[in-house]
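Right, one structure below, let's go through it.
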2 protein chains.
Amino acid sequence: MTGRVAGDQVTIADVARHAGVAASTVSYVLSGKRAISATTRGRVLASVRALGYHPNAGARALASRRANVIALVLPLRTGMQVPVVMRFATAVVTTARRHDHDVLLVTADEGPAGLHRIAGSALVDGVLLMDVELEDSRVPLLRELALPGVLIGHPTDSSGLACVDLDFRRAGELCVEHLAGAGHRRVALLGAPAAVYARGTGFAHRTRAGVLAAADRFGVDAVARPCEEGPAAVRRDLEALLADHPDVTGLVVQNESAVGPVLATLPLLGRRVPRDVSVVAVCPDELAEQSGLTGVPVPAEEVGRQAVTLLMRRLRDEPVPEVTLLEPRLTVRETSGGARR
Amino acid sequence: MTGRVAGDQVTIADVARHAGVAASTVSYVLSGKRAISATTRGRVLASVRALGYHPNAGARALASRRANVIALVLPLRTGMQVPVVMRFATAVVTTARRHDHDVLLVTADEGPAGLHRIAGSALVDGVLLMDVELEDSRVPLLRELALPGVLIGHPTDSSGLACVDLDFRRAGELCVEHLAGAGHRRVALLGAPAAVYARGTGFAHRTRAGVLAAADRFGVDAVARPCEEGPAAVRRDLEALLADHPDVTGLVVQNESAVGPVLATLPLLGRRVPRDVSVVAVCPDELAEQSGLTGVPVPAEEVGRQAVTLLMRRLRDEPVPEVTLLEPRLTVRETSGGARR
DNA sequence: CACGGTCGTCGAAGCGCTTCGACGCACCGG
DNA sequence: CCGGTGCGTCGAAGCGCTTCGACGACCGTG
């Protein structure tokens, strides 16, 4: 019987009556918190299905002090890598559902007050914080509120928290290692928009650090530049870069929206890819594949899954590692090759 | 006092004690459902602030039979216009918050069962359905569940529902009117991916219909083609189109991810924009601005705001119009001009 | 055979809030 | 001066669920 009409809510008492047991027994069948005989369990479950029973979320939350809802705090600021965020969000929802939790969407523009509200009203059991900055004001708040939380990205001080992130530093290193290994002696990072660095966003800073460190290690010249969004801006920034450093033969791009324009612009500037310039990107796998890009994919799904899993552990008061860094892997495709002599 | 620690929840009883009134009085102050003297109200509000009181969401939902949460059902299928969805989502969250509601993120892959669950458990008071297809299986379900809902996009049969959408048909017409007015006699629509048409997604079908109807009306030749995602695919589809119809001088693009590649590819095919070919797009404003595109912006924020507002009305049992179509407007920028003679 | 120990079930007590009816009080008109 | 009428406040009764302690029934053991 699929067609239950809302309004005439089926309650646990209805199920109990239908199955000829006490309401508490129904509860125990559903939660598994006490042993119930197979026959009783069978009868109860049959009644549940027959009546189309769904526990009332509010009542359950009130009585059990668990809402079975987690909050996903999305930034939605300028310079965001929208498709990455989206894939991440779906992974979070899917994984949370698998743990019998729902996801409340919170935008960062409510700011710290939003966290207070959510914590105070017991709307959610825990929080997933995205786009964490190196010095993020929400982080101490999270600690203070004693609200179980998992961060995507990691702040400078991650003590007492749980963070998940791609190891962007290593990703930056990988890109340069690849280029250096192919004989490139002068490389450049075309990074995130300047505003993103200014905010102190971890992934941007860490990638840059990785690029520069690896360049240093390999004795390669490296220059790092921010890059704004939009085809025209990308083109301008790229032209400026190549004007200032005409002998760059390896380009690391970490700006999803710049990838297309960069590949489109290089030929116009007289540089063929990969003959004259090799391009390596840190961007969603999808995009890289479409454009035949060599690069390090950002595993949005994997991060989302891990984040939820960690949060669920915290909700069960299990110990979780403070920092979980995913190992980046570089995929070689068509946009990179040996350096021109 | 901002720093309240979760765990020692402040209850309405605490506030009542602190203010020297009954709990019910506090409730009435907060809800405004009964007259309360100014002095009492003042004292209560002061106590609320002093204690950092936030009503327990579960208890409130249980007692009032309103969760103050709405569900946003996102599709997240292939061929989605991700940034549009995102901007839409933020507008929804922001507007909902303004009406004192939170937003639960539900992905369509839970399917109709998800709606059943959500309705049955009284988790949410209403539903926003995105990416509605012409014959959408969720629509009859919504009617049957008597779950207040607002659709983004509109199905063939919208009776008894509330829909909000940009008038895509009109948008398609506007594009062709603009081109025809500039003297173009042969135009083409480079549309959404084939899968989107196959699903019967309203906006794609309606735009195409508008383009073809206006072309007919103006005595202009028109051809409509789907267009897959990814730079390589776009390039292929565009080349094929121009090979089959070399005399097309006006191009309508309705595929966010195709805009960049189209503009990049046309010069390579020996067509300058707008000298040889005019390009008009139906896409997010942001993108159009960045690329100097003439086109009809998709007002994601406006749709989101309207949708929430309508849903709030429905929750208050106020009558709402069955279909709300937003009037599209065409913005002329640099990619369109007079037809070459 | 009496005893303690499980196992399976039940009843009742809340969880924190809203809401309904009742009540006390001041103020009005007759 | 008294009864009616609002107004402002209070107390109590749930909302539907979980959970705790209790209680038979049944088992094995000394």
Side-chain angles (χ1 to χ4, degrees), chain A residues 4 6-45 47-48 51-69 100 117 119-123 125, chain B residues 4 6-45 47-48 51-69 100 117 119-123 125:
Chain A
R4 269 229 78 81
D8 61 354
Q9 251 243 39
V10 184
T11 73
I12 199 171
D14 297 329
V15 177
R17 207 172 309 122
H18 188 273
V21 298
S24 49
T25 302
V26 176
S27 177
Y28 286 124
V29 166
L30 261 24
S31 70
K33 290 192 180 169
R34 279 201 185 174
I36 297 287
S37 69
T39 51
T40 305
R41 186 197 345 281
R43 232 163 5 142
V44 168
L45 291 179
S47 300
V48 163
L51 301 181
Y53 169 68
H54 289 275
N56 178 293
R60 191 212 276 269
L62 180 56
S64 67
R65 333 194 109 264
R66 313 281 263 80
N68 272 39
V69 176
D100 196 33
R117 186 174 62 83
S121 65
L123 234 188
D125 304 321
Chain B
R4 268 230 76 83
D8 60 359
Q9 251 242 40
V10 184
T11 73
I12 200 172
D14 297 328
V15 176
R17 208 172 309 122
H18 187 274
V21 299
S24 50
T25 302
V26 175
S27 177
Y28 285 124
V29 166
L30 262 23
S31 71
K33 291 193 178 168
R34 279 200 185 175
I36 297 288
S37 68
T39 52
T40 305
R41 191 203 334 285
R43 231 158 11 132
V44 168
L45 291 179
S47 300
V48 164
L51 301 180
Y53 170 68
H54 289 275
N56 178 293
R60 191 212 275 268
L62 179 57
S64 67
R65 330 192 115 267
R66 311 284 260 81
N68 272 42
V69 176
D100 195 35
R117 187 174 62 83
S121 65
L123 235 189
D125 304 320

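Below, read A as the first sequence line, B as the second, and so on, with proteins coming before strands; counting in each chain starts at 1.
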Hey, could you give me the CG/NE2 distance between B:Leu123 and A:His54, rounded to the nearest 0.5 Å?
11.0 Å
Is the side chain of A:Asn68 donor-acceptor paired with the backbone N or O of A:Asp100 at a distance under 3.5 Å, no angle test?
yes
On a heavy-atom basis, which atom in B:Val10 and which in B:Tyr53 lie closest, and how many Å separate them?
O-CD1, 3.4 Å
Rounding to 0.5 Å, atoms CG (A:Leu51) and OG1 (A:Thr11) come to a distance of 9.5 Å
Could you go step by step and tell me if A:Val48 and A:Leu30 meet the side chain to side chain contact (heavy atoms under 4.5 Å, CB included) rule?
CA-CA 9 Å; A:Val48 163; A:Leu30 261 24; 4.3 Å; yes
Tell me, please, the opening and closing nucleotides of DNA chain D, 5' to 3', among those with an atom under 4.0 angstrom from a non-hydrogen atom of chain B.
D:dG8 to D:dG16
Pick the nucleotide of DNA chain D nearest each of A:Ile12 and B:Arg43; which residue has the one closer to the 5' end?
B:Arg43
Set of side-chain contact (heavy atoms from CB on, under 4.5 Å) partners for A:Ala122, sequence neighbours left out
B:Gln9, B:Asn56
Going by side chain to side chain donor-acceptor pair (under 3.5 Å), name the residues that satisfy it together with B:Thr40, two or more places apart in sequence or in a different chain.
B:Ser37
Testing the basics here: between A:Ala61 and A:Ala67, what is the closest heavy-atom pair and its distance to 0.1 Å?
CB-CA, 3.9 Å
Could you go through nucleotides 22-27 of chain C and list every protein N or O atom that sits under 3.5 Å from one of its N or O atoms, giving the distance for each pair?
| unit_1 | atom_1 | unit_2 | atom_2 | d |
| --- | --- | --- | --- | --- |
| C:dA22 | N6 | B:Arg34 | NH1 | 3.4 |

When the side chains of residues 17-27 of chain A are checked against the rest of the protein, which donor-acceptor pairs come out under 3.5 Å, sequence neighbours left out?
| unit_1 | atom_1 | unit_2 | atom_2 | d |
| --- | --- | --- | --- | --- |
| A:Arg17 | NH1 | A:Asp14 | OD1 | 3.3 |
| A:His18 | ND1 | A:Ser47 | OG | 2.8 |

Taking for each residue the nucleotide of DNA chain D with the nearest heavy atom, is it B:Ala59 or B:Thr40 whose nucleotide lies nearer the 5' end?
B:Thr40
Taking salt bridge (charged side-chain N to carboxylate O under 4.0 Å, His left out) as the cut-off, I'd like each qualifying pair that reaches into residues 22-45 of chain A, sequence neighbours left out, listed once.
none
In numerical order, the residues of residues 15-33 of chain B whose heavy atoms come under 4.0 Å of DNA chain C are B:Ser24, B:Ser27, B:Tyr28, B:Lys33
